[in-house]
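One structure is given below, encoded as structure tokens.
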Amino acid sequence: MLINRGRRVLAALLLSVVLLTTACTTKAPSRFDQVQQASTKQKSGQAVAKNATQGSKLNSFFPSGGDGYDRVYTQEKKGFAEANLKKAGQVVAQLAISDTSSIPGAAAKFANSTEKIGGYPSVKVGNTQTSVLVNKYQVKVISKSPSFTSSDRAAWIEKFNLDGLANLK
């Protein structure tokens with residue numbers, strides 16, 4: 001009986017030592033922890049540049065509605081403003097101004113542009129987007145209806161206050 005009691009005490013003591021030594025060791029960080037730490041330290045991965053223009057300042061450069069079109073602002077944040085262009089209650093196009101300082105490489109697509117709208121370099125992206133670069137600002141019109149053509153997009157870009165945007169500091 002004394003031997004059984006000794007075994008129990010010894011087993012409890014060994015179990016306590018094992019638990020104590022394994023519980024006090026530090027766990028190596030997983031590969032996910034390492035990636036999280038690296039991405040948190042990055043400054044280049046931030047969504048908006050500190051010097052980006054407030055979206056509220058960009059709103060004044062949008063064209064107003066008229067000729068059966070209504071302009072409805074849909075989004076405004078630092079470095080970006082957007083509005084829908086509606087005709088007969090249906091969205092026919094999306095109008096946007098982006099501060100390219102928040103989008104690395106966005107201005108590069110205009111470097112080889114041979115076309116201009118309103119005196120500024122323009123590019124077409126696919127069959128639905130037309131953009132111009134005004135200093136650090138990209139002005140974009142996106143067709144949301146097949147009836148809104150490339151020439152419609154160019155005409156609406158010209159309705160923006162592009163020269164005023166060029167002088168924005």
Exercise for review: Using the side-chain contact (heavy atoms from CB on, under 4.5 Å) rule, take Asn112 and Thr114 through it: C-alpha gap first, then chi angles, then the decisive distance, then the call.
Suggested key: CA-CA 6 Å; Asn112 297 324; Thr114 57; over 6 Å; no
Point to revise | Leu58 and Tyr137: CA distance, side-chain angles, deciding distance, side-chain contact (heavy atoms from CB on, under 4.5 Å) verdict | key: CA-CA 10 Å; Leu58 300 174; Tyr137 300 101; 3.8 Å; yes
Exercise for review: For the pair Thr100 and Gln138, evaluate side-chain hydrogen bond (donor to acceptor under 3.5 Å, both in side chains) and give the outcome as yes or no after the intermediate values.
Suggested key: CA-CA 7 Å; Thr100 62; Gln138 177 179 259; over 6 Å; no
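No donor-acceptor distance shorter than 3.5 angstrom exists from the side chain of Ser131 to the backbone of Val123, with no hydrogens or angles considered.
Note on Phe61 and Ile142: separate hydrophobic clusters, where clusters join Ile, Leu, Val, Met, Phe, Trp and Tyr whose side-chain heavy atoms are under 4.5 Å apart, directly or indirectly. Linking Ile, Leu, Val, Met, Phe, Trp and Tyr whenever their side-chain heavy atoms come within less than 4.5 Å puts Leu168 and Phe160 in one cluster. Phe110 and Ile97 are members of different hydrophobic clusters when ILVMFWY side chains are connected at heavy-atom separations under 4.5 Å. Cluster annotation: Val92 is connected to Val141 through the hydrophobic network of ILVMFWY side chains, with a link wherever side-chain heavy atoms come within less than 4.5 Å.
Checked against a 6.0 Å centroid threshold, the rings of Tyr73 and Phe62 count as neighbours.
Under the side-chain hydrogen bond (donor to acceptor under 3.5 Å, both in side chains) criterion, Thr130 pairs with Arg153, sequence neighbours left out. By the side-chain hydrogen bond (donor to acceptor under 3.5 Å, both in side chains) test, Ser56 is found to be paired with no residue, residues two or more places apart in sequence or in another chain being considered. The side-chain hydrogen bond (donor to acceptor under 3.5 Å, both in side chains) search around Ser64 returns none, not counting sequence neighbours.
Screening residues 104-129 for salt bridge (charged side-chain N to carboxylate O under 4.0 Å, His left out), with sequence neighbours left out, gives no hits. Screening residues 68-81 for salt bridge (charged side-chain N to carboxylate O under 4.0 Å, His left out) gives no qualifying pairs among residues at least two apart or on separate chains. Pairs of residues two or more places apart, or lying in two chains, that qualify as salt bridge (charged side-chain N to carboxylate O under 4.0 Å, His left out) and include a residue from residues 88-102 are Asp99-Lys136.
Counting non-hydrogen atoms of other residues, nucleotides and ligands closer than 6.0 Å to NZ of Lys57 gives a total of 12 or fewer. Counting heavy-atom neighbours within 6.0 Å of Gln90 CD, excluding the residue itself, gives a total of 12 or less.
To the nearest 0.5 angstrom, Ser150 atom OG is 12.0 Å from Gln129 atom CD. The line from CG of Asn135 to CG of Leu162 is 11.0 Å long, rounded to the nearest 0.5 Å. Rounded to the nearest 0.5 Å, atoms NZ (Lys159) and CG (Leu85) are 8.0 Å apart. The distance from atom CG of Leu133 to atom CD1 of Ile117, rounded to the nearest 0.5 Å, is 12.0 Å. Annotation: the span from Gln94 atom CD to Thr74 atom OG1 amounts to 6.0 Å, rounded to 0.5 Å.
The heavy-atom pair separating Pro63 from Leu95 by the smallest distance is CG-CD1, 4.2 Å. Of all heavy-atom pairs spanning Phe80 and Ser98, the tightest one is CD1-OG, 3.4 Å. Across all their heavy atoms, Ala81 and Gly55 have their closest contact at CB-O, 3.8 Å.
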